[in-house]
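Order of listing sets the numbers, starting from 1, for every ligand and every atom in it. Basis for what follows: all heavy atoms, side chains included, without hydrogens, waters or symmetry-related copies. Values in this document were obtained by computation on a predicted structure and should not be read as measured data.
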Amino acid sequence: MHVRFIACLISFVGSVIADNFQEPLRSPSTSLSKPHRIAVVGAGPGGSATSYYLDKFARSLSLHRPLEITVFDTNTYIGGRTTTVNALEDPRYPTELGASIFVEINHILYNATRDFGLIPSAKIYQAAPDSKYELGIWDGLSFVFTSATEDDTSSWSGWWDIAKLLWKYGLSPIRTQRATRKAVGSFLEFYNEPVFPFPSIQEAVLSTGLVAYTSVTGKDVLNAAGVGDLFSREIIQASTRVNYASNLGGIHGLETLVCMAIEGAMAVEGGNWQIFEEMVTSSATRLLLNTTVTDVIKDTKHGTFTLRTTNPDVNEFLGTEDEAAFDTVVLAAPYQFANISFAPELANPPAKIPYVSLHVTLFTSPHRLSPSFFGLDTQADVPSSILTTLHEGLDEDLSSRRGVDAVGPAGFWSISTLRVLHPDTDGTFFGPTSNHSTKDSQPQYLYKIFSPAPLTGTFLSDLLDFPHSAGEKDDPLSALSKKDVTWLHEKLWHSYPYELPRSTFENFTLLTSSGDDQDQKEGLFYLSGMESFISTMETSALAGMNVARLIVDQLHSQS
Ligand SMILES: Cc1cc2nc3c(=O)[nH]c(=O)nc-3n(C[C@H](O)[C@H](O)[C@H](O)COP(=O)(O)OP(=O)(O)OC[C@H]3O[C@@H](n4cnc5c(N)ncnc54)[C@H](O)[C@@H]3O)c2cc1C
Ligand SMILES: *[C@@H]1O[C@H](CO)[C@@H](O)[C@H](O)[C@H]1NC(C)=O
Ligand SMILES: *[C@@H]1O[C@H](CO)[C@@H](O)[C@H](O)[C@H]1NC(C)=O
Ligand SMILES: *[C@@H]1O[C@H](CO)[C@@H](O)[C@H](O)[C@H]1NC(C)=O
Ligand SMILES: *[C@@H]1O[C@H](CO)[C@@H](O)[C@H](O)[C@H]1NC(C)=O
Ligand SMILES: *[C@@H]1O[C@H](CO)[C@@H](O)[C@H](O)[C@H]1NC(C)=O
């Protein structure tokens with residue numbers, strides 16, 4: 001984690017231990033009217049944007065009751081699935097462990113990056129030196145596509161320019177781009193009147209016509225747009241696999257086109273989580289990290305909610321404060337993982353949906369990707385980053401399957417060379433490798449691999465071509481020599497849903513069995529239905545901005 005952030009965290013934990021909740025993030029309003037108290041459960045992109053826009057909208061409408069926003073998160077950090085770890089434990093090398101990329105048309109993230117003075121970086125990958133290719137697509141047998149290394153372009157921004165020119169695919173790249181632009185155009189209507197704010201995802205999806213894309217598979221949408229099978233399988237499927245761990249038969253048409261809307265790809269230098277940390281700290285009255293909300297109890301007489309958490313200090317605080325009840329609760333995390341019980345219980349709890357189990361392996365090594373692993377002749381021929389797809393013979397059979405059954409002979413979704421770390425120019429490395437690295441001053445390559453199962457020592461020794469004999473039965477990476485894998489961080493995420501075709505979406509409002517028909521008035525909101533539509537940092541933030549608007553508009557109309 002970022003040093004400044006660790007400092008924040010320590011001071012926060014200190015304040016919890018000192019039971020000093022009275023120290024708010026923002027000075028309490030001097031207004032005499034009773035504040036409207038809002039609990040935001042989850043400080044990922046969705047919850048952070050909820051807090052940020054609640055404050056923004058409340059100010060712009062000059063609500064006569066001030067808002068008091070309390071943000072809760074299980075984690076000890078802000079950002080949810082957007083977080084960094086330091087390669088080699090060195091704070092100079094923060095590395096995205098979860099969400100890493102957004103694009104210029106992502107208005108919320110783009111604006112926030114600008115408004116908070118964060119530094120956007122377009123250079124997301126760094127090609128290994130003397131590598132001819134920065135990106136390759138491998139079908140488990142051979143490379144079906146490679147793009148040459150160019151100076152100062154990331155593999156993503158260069159993608160279209162190269163793809164467009166390829167005679168191999170005829171008009172398919174242009175047709176894909178046209179279909180993508182059209183879908184993106186409809187999606188952008190979500191930000192403005194008359195679509196915004198939308199009472200439900202359902203209504204917005206219907207009124208913009210995007211239901212035509214969400215209700216069919218990627219394969220179907222591409223067929224209908226006249227995109228050829230070869231381009232779909234070799235290029236677009238490589239993108240749906242790296243972005244959503246899915247083949248074209250297992251992902252809906254809109255999410256497929258989202259994977260191709262990559263113009264202006266960027267990331268925040270030092271970590272995208274900084275956007276969300278700024279959003280929360282600039283807007284919330286109170287931030288309660290390391291605090292899992294376990295119960296939401298409705299006082300049916302007053303229509304308010306009491307929260308219980310796993311954190312005894314927080315419970316004591318919530319229980320003793322004069323007016324501890326919340327007027328509004330926003331659940332900004334997938335219901336099925338939040339493990340919250342509602343009393344009275346929910347009349348229509350969000351349905352459980354399958355999520356992808358994604359294994360992310362970050363590591364550093366002095367070794368380069370092995371040409372022989374990929375059946376190539378020289379080191380220079382191995383692309384720095386490798387996406388994967390299925391070869392023609394398997395595509396039909398595996399296209400709609402999941403996880404290890406869908407990945408095919410490549411065995412992984414993607415490998416990226418993120419950075420080349422030079423001890424000579426950067427000084428010594430921190431952490432356990434310092435002695436080894438400085439001694440022979442070898443560069444360290446920082447890799448990220450996405451796979452549907454944990455990687456084994458045998459896989460990695462083949463990939464990087466170093467000697468290895470599997471000792472332990474399950475052959476874990478952690479048993480490899482520090483000489484070959486100088487730093488390792490493995491993480492299993494419920495990364496995003498399997499984006500199956502669908503035409504109905506969860507509502508933004510939750511209703512307890514005691515609730516009436518005027519569900520918005522009940523004061524329970526839910527963001528994560530948005531993930532079945534599109535799962536990105538931006539769309540979760542958009543759900544948060546939308547719910548913030550619904551809440552503020554309702555308060556405004558009451559006053
Ligand atoms: C490896 C990986 C790569 C990705 N790549 C990209 C990408 O390149 N670009 C992109 O835009 N998106 C990407 N995503 C998807 C993106 O991370 C998610 O869409 C986004 O984080 C969803 O935001 P959210 O706020 O809805 O949920 P989350 O980020 O999951 O936040 C929910 C928060 O709620 C907290 N919480 C849950 N239950 C409770 C409880 N009971 N009490 C208190 N707190 C609770 C959780 O701890 C969590 O912090 C990626 C995801 C992964 C895992
Ligand atoms: C982003 O900023 C632009 C220009 O300042 C503004 O017009 C637009 O409304 C902003 N959008 C969002 C979602 O904040
Ligand atoms: C989180 O809270 C628990 C108590 O609920 C405490 O034991 C633990 O040390 C805390 N962790 C951090 C990192 O603050
Ligand atoms: C869910 O919550 C219940 C009750 O609070 C608890 O006993 C259980 O361990 C939790 N399950 C998970 C997976 O966190
Ligand atoms: C590095 O070497 C020094 C002296 O040889 C030793 O004291 C130290 O423990 C080593 N550090 C690590 C992290 O191995
Ligand atoms: C969403 O709310 C509307 C109106 O209350 C209701 O008719 C519909 O069934 C709800 N949808 C879901 C998926 O719960």
Side-chain angles (χ1 to χ4, degrees), residues 39-50 71-83 96-103 106 109 124 156 199-203 242-245 258-259 262 265-267 272-273 276 288-296 307-311 314 331-341 346-351 355-362 413-414 448 450 491-497 502 504-511 515-520 522 526-532 534-544:
V40 178
V41 182
S48 303
T50 305
V71 177
F72 297 81
D73 205 292
T74 300
N75 295 329
T76 50
Y77 64 87
I78 293 173
R81 275 168 270 168
T82 304
T83 188
E96 296 288 1
L97 183 61
S100 51
I101 298 168
F102 58 98
V103 292
N106 289 166
L109 301 184
I124 292 150
W156 291 97
S200 68
I201 300 168
Q202 192 81 46
E203 282 178 46
V242 65
N243 285 305
Y244 292 107
V258 164
C259 294
I262 52 182
M266 65 182 87
N272 294 319
W273 57 264
F276 309 113
L288 303 174
L289 293 176
N290 191 25
T291 303
T292 302
V293 173
T294 54
D295 297 271
V296 174
L307 269 53
R308 289 273 165 274
T309 78
T310 51
N311 190 321
V314 170
L331 176 54
Y335 175 79
Q336 68 197 68
F337 301 128
N339 195 23
I340 295 177
S341 63
L346 294 180
N348 249 323
Y355 267 72
V356 172
S357 292
L358 184 72
H359 292 261
V360 176
T361 307
L362 289 173
W413 303 117
S414 63
K448 179 189 269 188
F450 287 174
K491 169 77 183 172
L492 170 59
W493 290 106
H494 293 298
S495 47
Y496 17 68
R502 60 189 295 156
T504 61
F505 296 89
E506 296 292 347
N507 284 327
F508 286 126
T509 43
L510 297 173
L511 210 58
D516 53 29
D517 283 342
Q518 292 187 298
D519 49 10
Q520 267 191 40
E522 194 177 1
Y526 181 57
L527 300 188
S528 302
M530 194 69 162
E531 281 198 73
S532 299
I534 299 174
S535 175
T536 58
M537 296 181 280
E538 175 74 11
T539 40
S540 278
L542 173 59

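Less than 4.0 angstrom separates atom 11 (N) of ligand 4 from at least one non-hydrogen atom of the protein. Remark: atom 14 (O) of ligand 4 lies closer than 4.0 Å to at least one protein heavy atom.
Proximity to N507 (heavy-atom distance under 4.0 Å) selects the following atoms of ligand 6: 1 (C), 2 (O), 3 (C), 8 (C), 10 (C), 11 (N), 12 (C), 14 (O).
The two residues P45 and T82 make their nearest non-hydrogen contact at CG-OG1, 3.8 Å.
In terms of modelled atom types and a separation under 3.5 Å, the side chain of E506 and the main chain of A351 share a donor-acceptor contact. Between the side chain of Y355 and the main chain of P334, no donor-acceptor pair closer than 3.5 Å is present. T291 places no side-chain N or O within 3.5 Å of a backbone atom of N311 that could act as its donor or acceptor partner.
Using a 4.5 Å heavy-atom cutoff, the side chains of Y496 and Y244 are in contact. Considering only heavy atoms from C-beta on, V360 comes within 4.5 Å of F450 through its side chain. Side-chain contact between I101 and M266: absent, with no pair of heavy atoms (C-beta onward) separated by less than 4.5 Å.
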Extract all N/O-N/O pairs under 3.5 Å that connect ligand 1 to the protein, and present each with both atom names and the distance rounded to 0.1 Å.
residue  : atom   : partner : partner atom : Å
ligand 1 : 8 (O)  : S100    : N            : 3.2
ligand 1 : 8 (O)  : I101    : N            : 3.0
ligand 1 : 9 (N)  : I101    : O            : 2.8
ligand 1 : 11 (O) : M537    : N            : 2.9
ligand 1 : 19 (O) : S535    : OG           : 3.1
ligand 1 : 19 (O) : T536    : N            : 3.4
ligand 1 : 19 (O) : T536    : O            : 3.4
ligand 1 : 23 (O) : S540    : OG           : 3.3
ligand 1 : 25 (O) : P45     : N            : 3.2
ligand 1 : 25 (O) : G46     : N            : 2.8
ligand 1 : 26 (O) : S540    : OG           : 2.7
ligand 1 : 27 (O) : R81     : NH2          : 3.0
ligand 1 : 29 (O) : R81     : N            : 2.9
ligand 1 : 30 (O) : R81     : NE           : 2.7
ligand 1 : 30 (O) : R81     : NH2          : 3.0
ligand 1 : 41 (N) : V293    : O            : 2.9
ligand 1 : 41 (N) : A338    : O            : 3.0
ligand 1 : 42 (N) : V293    : N            : 2.9
ligand 1 : 44 (N) : T74     : N            : 3.2
ligand 1 : 44 (N) : T74     : OG1          : 3.3
ligand 1 : 47 (O) : D73     : OD1          : 2.7
ligand 1 : 47 (O) : N75     : ND2          : 3.3
ligand 1 : 49 (O) : D73     : OD1          : 3.1
ligand 1 : 49 (O) : D73     : OD2          : 2.6
ligand 1 : 49 (O) : N75     : ND2          : 3.4

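The closest side-chain donor-acceptor pair between T76 and N290, if any, does not fall under 3.5 angstrom. Defined by atom type and a distance below 3.5 Å, a donor-acceptor pair is missing between the side-chain atoms of Q202 and N507.
Atom 4 (C) of ligand 4 has N339 ND2, 4.9 Å as its closest protein atom, hydrogens excluded (heavy atom only).
Between T294 and ligand 4, no pair of N/O atoms sits closer than 3.5 Å. For the pair E506 and ligand 6, the shortest N or O to N or O distance does not fall below 3.5 Å.
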